[in-house]
Amino acid sequence: MSLEQLLAWIPPGSPDETLARQVNFEQLPAHVAIIMDGNGRWAAQRHLPRVEGHRAGIDSVRDVVETSARLGIQILTLYAFSMENWKRPPSEIHTLMTLLKRYIRLELSTLLKNNIRFQVIGRHEELAPDVRHELEIGIRQTAANSGMLFNIALNYGGRAEIVDAARRAIAAGIAPEDLDEQRFGDFLYTAGQPDPDLLIRTSGEMRVSNFLLWQIAYSEIWVTETLWPDFRRRHLLESIVAYQKRDRRYGGIKPSPVALGAK
Ligand code: FPP
């Protein structure tokens, strides 16, 4: 993707344009993961039922998915429903599942238009048959797309993923001495995908909430006070500009200009 292609979609003279011009397209994060949080607080601030926050959050999902694809992000992972979310009232769970099914049905054409491939990570086999059915349609119809991979984390837990990976490695007959970090990664839900470079969390909470525990070992974390239903293209661009100013060292030290042969 190029700046021109992104600008074609952004109102000229808007703050989004200024931000888009600050993005270095040569150094985009390959994988962006987002903990979407603050839907309930957004609704409470408006004296609305919590589910209205989730409903409004769908507009943010739409905006972020399309912006990411247009930017040229390779992988976007959204945390939509954790294994712990089953503790919520049944009516809220029902609304979340209904919104998810409706999102896939209504957005399929946008996913196809933007060459986006859709996938689910998490224990999706435990979801209700009607939800699985809708997910399978989305996965099947977008399977041949070669653009951005859009992972939705559903009935997802980071520790459960590691347990599932260990079980799969054992079932595959991997000898303990043959198992290393790289090999183990092949049994995760995200097998074959680069780890997230950038982890975004909305609503100001400083937690990782059991999300991609293995994969975020070296991710840059960007937390915004913005509540998820207010999160838009502008915030995603802000996070990428901030990410590009970070100094990623992966536990090493920054090579000095002298060591690099600079005069
Ligand atoms: C956290 O807000 C948000 C969720 C648990 C669900 C996010 C789901 C959606 C936006 C809709 C479905 C998603 C897709 C990808 C179609 P919260 O309820 O924990 O907010 P609070 O912390 O303010 O109470």
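In each ligand, atom 1 is the first atom listed, and ligand 1 is the first ligand listed. For the numbers below, each heavy atom of this structure counts, side chains included, while hydrogens, waters and symmetry mates do not.
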- At under 4.0 Å between heavy atoms, which part of I104 makes contact with ligand 1: side chain, backbone, both or neither? neither
- Task: Tell me which one of R88, E84, R102, R41 gets a heavy atom nearest to atom 19 (O) of ligand 1.
- Result: R88
- How does L99 reach ligand 1, if at all, at less than 4.0 Å between non-hydrogen atoms: by side chain, backbone, both, or neither? neither
- Message: Can you give me the closest heavy-atom contact between S203 and L227, atom names plus distance?
- Response: CB-CD2, 3.6 Å
- For I152, take its heavy atoms, then give the atoms of ligand 1 lying under 4.0 Å from any of them. 15 (C)
- Return the orientation label for the W222 and F231 ring planes: parallel under 30°, perpendicular over 60°, tilted otherwise. perpendicular
- Atoms of ligand 1 close to R50 [distance to a heavy atom under 4.0 angstrom, numbered from 1]: 17 (P), 18 (O), 24 (O)
- Message: D16 and side-chain hydrogen bond (donor to acceptor under 3.5 Å, both in side chains): which single residue from R21, R233, R234 fits?
- Response: R233
- Query: Near G40, which atoms of ligand 1 are under 4.0 Å from a heavy atom of that residue?
  - Reply: 17 (P), 18 (O), 20 (O), 21 (P), 23 (O), 24 (O)
- In ligand 1, the atoms that come under 4.0 Å of a heavy atom of L96 are 6 (C), 8 (C)
- Item | Atoms in ligand 1 with a heavy atom of Y103 nearer than 4.0 Å | 16 (C)
- In plain terms, say whether D197 and R248 are close enough for a salt bridge, that is, a side-chain N and a carboxylate O under 4.0 Å apart. yes
- Note on the structure: Looking only at protein heavy atoms, what sits closest to atom 6 (C) of ligand 1 is A80 O, 3.3 Å
- Query: Is G38 in contact with ligand 1, taking contact as a heavy-atom separation below 4.0 Å?
  - Reply: yes
- Query: Are any of the side-chain nitrogens in D59 or R62 under 4.0 Å away from the carboxylate oxygens of its partner?
  - Reply: yes
- Considering only heavy atoms, does N85 approach ligand 1 within less than 4.0 Å through its side chain, its backbone, both, or neither? side chain
- Fit a plane to each ring of Y79 and F211, take the angle between them on a 0 to 90° scale, and name the class: parallel (under 30°), tilted (30 to 60°) or perpendicular (over 60°). parallel
- Note on the structure: NZ of K101 to CG of D130, rounded to nearest 0.5 Å, is 3.5 Å
- Distance from N39 atom CG to D230 atom CG, nearest 0.5 Å? 10.0 Å
- Heavy-atom nearest neighbour in the protein, as seen from atom 1 (C) of ligand 1, with distance rounded to 0.1 Å: M36 O, 3.2 Å
- Task: Using distance alone, decide if ligand 1 has a nitrogen or oxygen within less than 3.5 Å of any nitrogen or oxygen in W228.
- Result: no
- Task: With heavy atoms under 4.0 Å as the rule, classify the contact between E205 and ligand 1 as side chain, backbone, both or neither.
- Result: neither
- Message: Between E92 and R50 (salt bridge meaning N to carboxylate O under 4.0 Å), is one present in this structure?
- Response: yes
- Query: Who's the nearest protein heavy-atom neighbour of atom 10 (C) of ligand 1, and how far?
  - Reply: N39 ND2, 3.6 Å
- Message: Closer than 4.0 angstrom, basic N to acidic O: yes or no for E205 and R41?
- Response: yes
- Could you list the atoms of ligand 1 found under 4.0 angstrom from a heavy atom of I58? 11 (C), 12 (C), 16 (C)
